A.B. asks: 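Could you have a look at this structure, given as structure tokens, before my questions?
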Amino acid sequence: MLQIPYLRDHREIAIKALTTKKLPHAAQTLDALFKLDDERRRVLTLCEHNQATLNQQAKAVGLAMKNGLPQEAEKIKGEVAVLKEQTAALGAQVQALEGEIHQQLVRLPNLPHKSVPEGNGPDQNEVVLLSDPNAENIQRPQPHWDLATQYRLIDFELGVKVTGAGFPVYTGQGAKIQRALIQYFLDFNTAAGYTEIQPPILINEDSGFGTGQLPDKEGQMYFVTEDRLYLAPTAEVPVTNLYRDLLLQENDLPILNTAYTPCFRREAGSYGKDVRGLNRLHQFDKVEIVQIVHPDQSYAILEVMKNHVAQLVTSLGMPFRILRLCGGDMGFASALTYDFEIWSAGQGRWLEISSVSNFESFQTNRLRLRFKEKESGKNRLAHSLNGSALALPRILAALLEFYQEEDGIRIPDALLPYTGFTKITRPSP
RNA sequence: GGUGAGAUGGGUGAGUGGCUGAAACCAACAGUUUGCUAAACUGUCGUACGGGAAACUGUACCGAGGGUUCGAAUCCCUCUCUCACCGCCA
């Protein structure tokens, strides 16, 4: 959530930034907001002034009673009645205005960082790294869904029976390699200083609000009606919300967490080649990294996180690229996002496997996550960042395709300690 | 699910209708002393939102939301959570 004082002080920049983020009528929206806020302050001042008078009168009553002047006390009580009513009305007005301002403020997306390219969609994302200039010429004969079925790694039909489309069942070496990937990713992250967390996977409404999924993105999350809980779409939600409503000391920062969780997304409206095989699922596994940092360092740390994920992807030996997302393709809460895409050699397309973002204070403002700055003694909002390290299904898809050979699927070296086998072999008929 | 007890500042915890925004202690911060560290002593020290160039000042906040009252941390109602015991259960 953005802050009105900042928006007031940087009106032109904010308008430009919101326009980059594809918010229509940014100038009018902001000016309307400022006007509401002016009104709020005007009424608030009146209201507080009245309240100060009332407080004084209440004291006077107490004093009169103490001095044995009950008729004096009664007189003041009579005088106060009208003012009290007026003040209550003003208070209600302030509340209404605050509600309206909040509603509008909550709908504003985060302001993109100045390095974010303008653009409407994926075509205008900027490629900042291509691990292998020859990547797109790498072709493999079979797509992962054929391999997964042949080698009996994943049973899509069985998942349909148990739950529905988009809920695959991993079996045998398929299940094992999933577990190996999860463990490898977690080990890689903890070795870099991240503390492993096992968070709840169901989240409440406050948590959904804190990281920016709610309101407006209800449609993306599964909802448990009976208990009013959402299934987490990413570990980002429970892990970041661990720090909701906190006042930290400056030297508590930075906080580094990593978590493996299943993730649940409704993905309403997806179809065609995008949902084939492992490309897009309703339930999938992901290992996430989250950092809570000092605001002055968040962009330096974003680069560190980007490099961390790049190392992890590199260690799997498959071609990938890193994109700086353009304004039109970025998420609601993000100020700067790097997407990682891996080359799917059996499909001949890029698949997103990680998204590393700096949210600046957009989430922490909603979370009321602050720290006491040593030098100034002031409380400042921390910055939050997160990224996938990594999302499993598309990694598995690319891996099966890339490492397919005549007699099986080779396991990349980095995973060998975790799988216990060097090759996925054809099951006996 | 049932019964009972609770929820106070960064933390522990006092406070049962008016000079209490809140004792005390711990932590934190600044200083004094000491050869560094430590200890001791002194001082500062809640948050948010208004007004003000600033010094400063107003209002609100004692789990959340309502109510009673001239006045509520304190009394009443509802809800949430925590703890204990019972029930159920991996």
Side-chain angles (χ1 to χ4, degrees), chain A residues 1-9 33-106 198-210 214 224 226-230 238 241-253 255 292 294 361 364-382:
Chain A
M1 189 163 62
L2 299 170
Q3 299 175 93
I4 289 182
Y6 179 88
L7 294 174
R8 280 185 183 280
D9 292 346
L33 196 57
F34 295 159
K35 218 173 135 191
L36 271 178
D37 189 49
D38 287 338
E39 178 65 3
R40 182 195 128 252
R41 288 201 285 193
R42 190 182 68 81
V43 180
L44 182 63
T45 304
L46 275 175
C47 181
E48 290 188 342
H49 180 77
N50 280 3
Q51 191 59 52
T53 310
L54 283 173
N55 288 346
Q56 278 171 17
Q57 297 292 71
K59 270 186 187 161
V61 171
L63 207 67
M65 300 287 272
K66 202 170 148 192
N67 294 335
L69 300 165
Q71 67 277 48
E72 171 79 16
E74 286 307 316
K75 190 173 148 241
I76 301 174
K77 282 192 201 180
E79 289 169 6
V80 148
V82 176
L83 187 61
K84 206 184 152 188
E85 246 172 68
Q86 283 176 2
T87 309
L90 289 172
Q93 212 179 326
V94 171
Q95 270 202 334
L97 285 164
E98 281 176 348
E100 207 171 319
I101 289 167
H102 182 77
Q103 273 204 342
Q104 294 198 14
L105 209 49
V106 144
Q198 276 196 27
I201 300 167
L202 268 68
I203 55 140
N204 59 28
E205 197 171 335
D206 286 347
S207 295
F209 176 81
L214 296 174
V224 183
E226 186 76 9
D227 298 291
R228 302 191 55 75
L229 296 171
Y230 296 85
N241 272 281
L242 256 26
Y243 303 95
R244 176 150 42 89
D245 255 317
L246 245 41
L247 179 60
L248 300 167
Q249 297 302 320
E250 182 167 344
N251 47 20
D252 292 333
L253 303 175
I255 294 170
I292 310 294
H294 191 290
S361 61
T364 52
N365 186 31
R366 291 172 162 235
L367 294 160
R368 294 175 302 276
L369 167 48
R370 297 158 305 153
F371 70 99
K372 192 170 281 295
E373 191 173 50
K374 258 190 176 154
E375 199 180 318
S376 65
K378 291 253 195 294
N379 297 333
R380 293 181 68 183
L381 291 170

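Throughout, a chain's letter reflects where its sequence line sits, starting with A, and its residues are numbered from 1. Just so it is clear, the model here is predicted, and its values are computed rather than measured.
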A.B. asks: Dot-bracket for RNA chain B: what is it, with Watson-Crick or G-U pairs under 3.5 Å, [ ] where a pair crosses earlier ones, and | for a pair to another strand?
C.D. replies: ((((((((.[[[..)..(.....]]].(((((.......))))).((((((....)))))).[[[[[..)....]]]]])))))))....

A.B. asks: Identify the heavy atoms of A:Phe209 and A:Arg366 that sit nearest to each other, and give their distance.
C.D. replies: O-NH1, 2.7 Å

A.B. asks: If you measure from the P atom in B:A73 to the same atom in B:U8, how many Å do you get, rounded?
C.D. replies: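 Their P atoms lie roughly 16 Å apart.
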
A.B. asks: Counting neighbours of NZ on A:Lys372 that are heavy atoms of other residues, nucleotides or ligands and sit closer than 6.0 Å, is the number greater than 12?
C.D. replies: yes

A.B. asks: Considering only heavy atoms from C-beta outward, does the side chain of A:Phe371 approach that of A:Gln249 to under 4.5 Å?
C.D. replies: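 Not in contact.
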
A.B. asks: I'd like to check the ring-ring contact (aromatic ring centres under 6.0 Å, His included) partners of A:Phe34; sequence neighbours left out, ordered by chain and number.
C.D. replies: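 Checked A:Phe34 against ring-ring contact (aromatic ring centres under 6.0 Å, His included); zero matches.
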
A.B. asks: Determine, for nucleotides 50-58 of chain B in 5'-to-3' order, which nucleotides have protein heavy atoms under 4.0 Å from the base (write B), from only the sugar-phosphate (write S), or from neither (write -).
C.D. replies: SS------B

A.B. asks: Does CD in A:Glu98 sit with more than 12 non-hydrogen atoms of other residues, nucleotides or ligands closer than 6.0 Å?
C.D. replies: yes

A.B. asks: Between B:U69 and A:Lys84, is there an OP1 or OP2 to side-chain N/O distance shorter than 4.0 Å?
C.D. replies: no

A.B. asks: Checking salt bridge (Lys or Arg N to Asp or Glu O under 4.0 Å) for the pair A:Arg8/A:Asp38: CA distance, chi angles, key distance, verdict?
C.D. replies: CA-CA 11 Å; A:Arg8 280 185 183 280; A:Asp38 287 338; 2.8 Å; yes

A.B. asks: Pick the P atom in B:C75 and in B:C81, then give their distance to the nearest Å.
C.D. replies: 23 Å

A.B. asks: Using a 4.0 Å heavy-atom cut-off, does A:Arg370 contact any base of the nucleic acid, only the sugar-phosphate backbone, or nothing at all?
C.D. replies: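 Sugar-phosphate, no base atom in range.
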
A.B. asks: How far, in whole Å, is B:U74 from B:A90 if one measures between their C1' atoms?
C.D. replies: 44 Å

A.B. asks: Rounded to whole angstrom units, what separation is found between the CZ atom of A:Arg380 and the C1' atom of B:G10?
C.D. replies: 19 Å

A.B. asks: Closer than 4.0 angstrom, basic N to acidic O: yes or no for A:Arg40 and A:Asp37?
C.D. replies: yes

A.B. asks: Atom CG of A:Asn379 to atom P of B:C29: distance rounded to whole Å?
C.D. replies: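 Result: 15 Å.
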
A.B. asks: What interatomic distance, in whole Å, is found between P of B:G50 and the corresponding atom of B:U33?
C.D. replies: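 The answer is 44 Å between these two P atoms.
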
A.B. asks: Tell me whether the count of non-hydrogen atoms from other residues, nucleotides or ligands lying under 6.0 Å of CD in A:Gln71 goes above 12.
C.D. replies: yes

A.B. asks: Within the pair A:Lys372 and B:C45, is there a side-chain N or O less than 4.0 Å away from OP1 or OP2?
C.D. replies: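 No, A:Lys372 has no side-chain N/O under 4.0 Å of OP1/OP2 on B:C45.
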
A.B. asks: Taking the side chain of A:Gln249 as heavy atoms from C-beta outward, which of B:A28, B:U47, B:U69 is closest to it?
C.D. replies: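 Output: B:A28.
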
A.B. asks: What is the distance, rounded to the nearest whole Å, between atom CG of A:Leu247 and atom C1' of B:C45?
C.D. replies: 13 Å

A.B. asks: Between A:Ile76 and A:Gln3, who's closer to the 5' end of RNA chain B by nearest nucleotide?
C.D. replies: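 Result: A:Gln3.
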
A.B. asks: Is A:Glu373 paired with A:Lys378 through a side-chain N to carboxylate O contact shorter than 4.0 Å?
C.D. replies: no

A.B. asks: Measure from NE2 on A:His102 to P on B:C49 and round the result to the nearest Å.
C.D. replies: 14 Å

